[in-house]
Structure formats: structure tokens, C-alpha cells
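Residue numbers run from 1 in the order of the sequence given. On a predicted model such as this, the values are computed, not experimentally measured, just so you know.
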Amino acid sequence: MNRSKRANHFGTIVEKRMARKRRFELERSSWHDAKFQNGTPVEIKSTMLEHADGQPGNWKIYRQYHEKLRRHDGWYCFVVYRPHGQSGCTILKHRMCKASNLPLLRWHGGGDHRGTQQAKIAIEGIF
């Protein structure tokens with residue numbers, strides 16, 4: 001299984017677990033993954049604690065979606081996990097953060113991916 005398919009696999013597991021834990025309603029949208037019971041959008045971002053090459057995990061934020069989340073007074077749910085076995089993972093920590101309260105983002109070109117600029121947030125930038 002290639003790396004991006006594994007990341008997608010673990011991301012889906014994390015979304016389902018956090019929806020149960022935080023009582024989100026999962027919703028497939030280009031700019032958010034879930035909603036609070038009152039309808040407020042939530043984007044669930046997950047990363048491995050450490051990648052196979054030893055590099056620490058980080059989250060990618062896409063400017064177009066981030067700005068839309070801010071306009072809708074939305075939230076991020078940042079999750080750090082550790083994979084185990086072929087398909088399991090352990091959630092190590094998570095934190096809710098209003099989109100308007102993120103640390104300063106440094107936008108750069110995202111190439112053709114999602115047609116927007118992106119920024120990376122290190123784990124220590126949230127925890």
C-alpha cells in the first residue's frame with residue numbers, strides 16, 4: 001500500500017473515532033469533514049507522530065478551505081496518532097482550535113494540488 005493511501009486510510013479511521021468521541025456528525029465536503037450538533041463546521045486534521053523516515057508529523061492547511069472555514073466560524077480538530085500493524089492506529093492526543101485562532105500561517109504555492117496555497121503546521125505549533 002503506498003504512503004498516500006495509508007495516510008487516507010488512517011485519516012478515515014481518525015475521523016470516525018473523533019466523530020464518536022466529540023459527537024460530530026460526519027459530512028463529506030471539500031472544505032470540512034464534520035459538523036457540531038449546532039451545525040458549525042469542523043475540519044478534522046490528522047498526522048502521524050513520526051513518519052517512517054523519522055521526520056515529525058505536520059498538518060497541511062489549504063488556504064481556500066481555511067478561509068471558508070473562518071467565514072463560517074468553523075473549528076479544526078487536530079489529531080496526532082501512531083499507526084500499528086497494517087490497519088490500526090492509536091490516537092495519542094487531540095485538540096480543538098477555532099479556525100480564527102490558528103498560529104500565524106505562512107502560505108506558499110501548493111502546485112496543482114487542490115488549486116490553492118497551503119501552509120504546514122508542526123505538531124508543537126498546536127500542542
Side-chain angles (χ1 to χ4, degrees):
M1 190 180 291
N2 77 30
R3 185 178 172 145
S4 66
K5 283 187 181 174
R6 281 182 55 85
N8 187 51
H9 167 79
F10 292 122
T12 300
I13 291 172
V14 167
E15 286 173 10
K16 288 177 182 175
R17 287 188 191 166
M18 293 313 299
R20 242 186 347 263
K21 183 176 185 68
R22 290 286 187 155
R23 298 188 181 116
F24 300 144
E25 182 180 324
L26 287 176
E27 182 173 284
R28 293 289 163 229
S29 171
S30 62
W31 59 281
H32 69 279
D33 298 311
K35 286 188 174 180
F36 284 115
Q37 292 174 350
N38 68 4
T40 301
V42 179
E43 174 68 354
I44 303 168
K45 304 299 283 184
S46 61
T47 188
M48 282 187 223
L49 178 64
E50 185 177 275
H51 296 289
D53 63 3
Q55 291 296 308
N58 61 66
W59 296 281
K60 285 185 184 175
I61 305 295
Y62 297 95
R63 189 173 201 164
Q64 179 181 350
Y65 303 148
H66 173 69
E67 290 173 357
K68 190 166 187 177
L69 199 61
R70 283 183 61 131
R71 284 194 306 274
H72 287 83
D73 207 25
W75 290 72
Y76 285 99
C77 176
F78 290 102
V79 182
V80 179
Y81 68 90
R82 177 178 288 128
H84 54 80
Q86 287 295 319
S87 59
C89 72
T90 301
I91 293 176
L92 303 172
K93 49 189 166 184
H94 68 280
R95 175 166 285 164
M96 297 297 300
C97 181
K98 279 194 80 129
S100 58
N101 292 342
L102 283 189
L104 181 64
L105 298 172
R106 295 168 61 178
W107 300 108
H108 59 86
D112 291 333
H113 187 73
R114 302 192 191 202
T116 185
Q117 290 181 306
Q118 64 185 16
K120 288 184 181 179
I121 301 176
I123 292 171
E124 59 270 11
I126 299 296
F127 292 97

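For the atom pair CE of M96 and CD1 of I44, the computed distance is 8.0 Å after rounding to the nearest 0.5 Å. The OG atom of S46 lies 11.0 Å from the CZ atom of R17; values are rounded to the nearest 0.5 Å. How far OH of Y65 is from OG of S29: 8.5 Å, rounded to the nearest 0.5 Å. R106 CZ to Q118 CD: the interatomic distance, rounded to the nearest 0.5 Å, is 14.0 Å. Put simply, CG on L102 and CZ on R70 are 8.0 Å apart, with the number rounded to the nearest 0.5 Å. Note that CD1 of I121 and SG of C97 are 7.5 Å apart. Values are rounded to the nearest 0.5 Å.
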| Can you list the steps and then say if E50 with Q55 is a side-chain contact (heavy atoms from CB on, under 4.5 Å)? | CA-CA 6 Å; E50 185 177 275; Q55 291 296 308; over 6 Å; no
| said: Set out, in order, the CA-CA distance, both residues' side-chain angles and the distance that settles salt bridge (charged side-chain N to carboxylate O under 4.0 Å, His left out) for D33 and K45, then state yes or no. | reply: CA-CA 9 Å; D33 298 311; K45 304 299 283 184; over 6 Å; no
| request: Output, in order, the C-alpha distance, side-chain angles, deciding distance and verdict of salt bridge (charged side-chain N to carboxylate O under 4.0 Å, His left out) for R28 and E15. | output: CA-CA 11 Å; R28 293 289 163 229; E15 286 173 10; 2.9 Å; yes
| task | Give the C-alpha distance, both sets of side-chain angles, the deciding distance and a yes or no for side-chain contact (heavy atoms from CB on, under 4.5 Å) between F127 and V80. | result | CA-CA 10 Å; F127 292 97; V80 179; 3.8 Å; yes
| task | Any chance you could lay out the salt bridge (charged side-chain N to carboxylate O under 4.0 Å, His left out) test for E27 and K35, step after step, and finish with the verdict? | result | CA-CA 7 Å; E27 182 173 284; K35 286 188 174 180; 3.7 Å; yes
| task | Take H94 and V14 through the side-chain contact (heavy atoms from CB on, under 4.5 Å) test and state the conclusion after the steps. | result | CA-CA 10 Å; H94 68 280; V14 167; over 6 Å; no
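Other residues, nucleotides and ligands contribute at most 12 non-hydrogen atoms within 6.0 Å of the CD atom of E25. Environment of NZ in K16: sparse, with no more than 12 heavy atoms of neighbouring residues, nucleotides or ligands closer than 6.0 Å.
Side-chain contact between W31 and L69 is present, with heavy atoms from C-beta onward closer than 4.5 Å.
Looking at every heavy atom in both residues, E43 comes nearest to H32 through OE1-CA, 3.1 Å. Nearest heavy-atom pair across F24 and M18 is CD1-O, 3.8 Å. Considering every non-hydrogen atom in both P103 and G125, the closest pair reads CG-O, 3.7 Å. Nearest heavy atoms, F10 versus C89: CD2-CB, 3.8 Å.
Remark: the backbone N or O of F36 is not paired with any side-chain donor or acceptor of T40 at under 3.5 angstrom. No donor-acceptor pair closer than 3.5 Å links the side chain of W107 to the backbone N or O of A119. With hydrogens and angles ignored, the 3.5 Å screen pairs a side-chain donor or acceptor of T47 with a backbone N or O of N58. Proximity of a side-chain donor or acceptor of R95 to a complementary backbone N or O of I126 within less than 3.5 Å is detected.
There is a side-chain donor-acceptor pair under 3.5 Å between T90 and H84.
Legend: residues meeting ring-ring contact (aromatic ring centres under 6.0 Å, His included) with Y76, ordered by chain and number and at least two apart, are H66, F78.
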